[in-house]
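For reference, the structure is listed below as structure tokens.
Heavy-atom basis, side chains included; hydrogens, waters and symmetry copies ignored.
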Amino acid sequence: MSPRHSAAEAARTRERIVRAAVLDASLLGLEGLTVGALAQRLGMSKAGLVGPFGSRERLLMAALDQACEIFRAAVTGPLEGLPPGPERLGRLIDGWVDYLADCPFPGGCFITAATSELDGRPGPLRDRLREIVASNRRALAEEAAAAQTVLPGPHRPAEEVAMTLMGLSMAANQEIQLLDDPSAAARARDAMRHAAGLPGSS
């Protein structure tokens, strides 16, 4: 096998492992994911599973990062090329709610679940999650501030709007996943748009 084919095969193996780890962690939690169970499900040895990452911790970190990329592709990716403002913020909220209502993860929003799991557990995983959530919060506040330059006032502080939107999304995830409420997505969409100072959904 040529070095190029070998590298491509290694990349495919790594991607397969990360994809499976994300799905398992969505249901079991990041700390609940075991190398033995994942290796057995994939038909691999424990050493072969961990090898591409160097450690279980780095495997879990890769799963966390991959889950974030899936969220970005679903929610913020479609906004590329759209200038900041009310329309962009509205589309962000709509995409966010759509992601929650038809979540690609069997356990619901990965970041919401990871936040509940890791917020009181110091360590590299929590540190990485904190960076992700803080970055998302800053970006959301920037989106809110940009929309407020066009929307009629008075306005709540953009940081407060971002915090409210994040809180509503977590509540919506709970109502969708735990309470199995079919009206939760529509209610969340209207509540989030209202919190952002936008017109309600049609």
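Using a 4.5 Å cut-off on side-chain heavy atoms (C-beta onward), Gln177 and Thr112 make no contact. Residues Asp94 and Arg193 have side chains in contact (heavy-atom distance under 4.5 Å, counting atoms from C-beta outward). Contact of the Asp24 side chain with the Thr34 side chain is not registered, since no non-hydrogen atoms from C-beta on lie closer than 4.5 Å. Put simply, the side chain of Asp65 reaches to within 4.5 Å of the side chain of Arg128, judged on heavy atoms. With contacts defined as side-chain heavy-atom distances shorter than 4.5 Å, the pair Gln66/Glu15 does not qualify.
Enclosure of atom CZ in Arg58 is not indicated, since only 12 or fewer non-hydrogen atoms of other residues, nucleotides or ligands lie within 6.0 angstrom. Other residues, nucleotides and ligands contribute more than 12 heavy atoms inside 6.0 Å of the CD atom of Glu160.
Leu60 is connected to Val133 through a chain of hydrophobic side-chain contacts under 4.5 Å among Ile, Leu, Val, Met, Phe, Trp and Tyr, so both are in one cluster. Follow the hydrophobic side-chain contacts under 4.5 Å out from Met163 and you never reach Ile93; the two are in separate clusters. A continuous path of ILVMFWY side-chain contacts below 4.5 Å connects Leu59 to Met61, so both sit in one hydrophobic cluster. In this structure, Leu23 is not a member of the same hydrophobic cluster as Leu64, with clusters built from ILVMFWY side-chain heavy atoms closer than 4.5 Å. In the hydrophobic clustering of ILVMFWY residues, with side-chain heavy atoms under 4.5 Å counting as a link, Met170 and Leu118 come out apart.
Looking at every heavy atom in both residues, Leu151 comes nearest to Ala196 through CD1-O, 3.7 Å. Taking every heavy atom of both residues into account, Ala63 and Val18 meet most closely at CA-CG1, 4.2 Å. Scanning both residues, Arg72 and Pro78, for their nearest heavy atoms gives O-CD, 4.4 Å. When all heavy atoms of Glu117 and Glu31 are compared, the pair lying nearest together is OE2-N, 2.7 Å. Pairing each heavy atom of Lys46 with each of Gly36, the nearest pair is CE-CA, 3.7 Å. In terms of heavy atoms, Arg16 sits closest to Leu42 at NH2-O, 2.8 Å.
Interatomic distance, SG of Cys109 versus CD1 of Ile176, reported as 10.0 Å (0.5 Å rounding). In this structure, OG1 in Thr115 is found 10.0 Å from CZ in Arg126, a value given to the nearest 0.5 Å. For the atom pair Asn173 CG and Trp96 CH2, the distance stands at 11.0 Å (nearest 0.5 Å). Here the CG-NE2 distance, from Leu168 to His194, works out to 10.0 Å after rounding to the nearest 0.5 Å. One distance of note links CE of Met166 with CE of Met192; it measures 10.0 Å at 0.5 Å rounding.
Here the side chain of Arg56 pairs a donor or acceptor atom with the backbone of Leu33 at under 3.5 angstrom. No donor-acceptor pair closer than 3.5 Å links the side chain of Ser135 to the backbone N or O of Glu131.
Taking the centre of each ring, Phe71 and Phe110 stay at or above the 6.0 Å mark.
Side-chain heavy-atom separations under 4.5 angstrom define the hydrophobic clusters, and the remaining members of the one that includes Leu178 are Leu179.
Here the rule is side-chain contact (heavy atoms from CB on, under 4.5 Å) with Ile17, and of Leu49, Val50, Val22 only Leu49 fits it.
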Output side-chain donor-acceptor pairs under 3.5 Å for residues 80-87, partner residues at least two apart or in another chain, one line each.
| from | atom 1 | to | atom 2 | distance (Å) |
| --- | --- | --- | --- | --- |
| Glu87 | OE2 | Arg91 | NE | 3.4 |
| Glu87 | OE2 | Arg91 | NH2 | 2.7 |

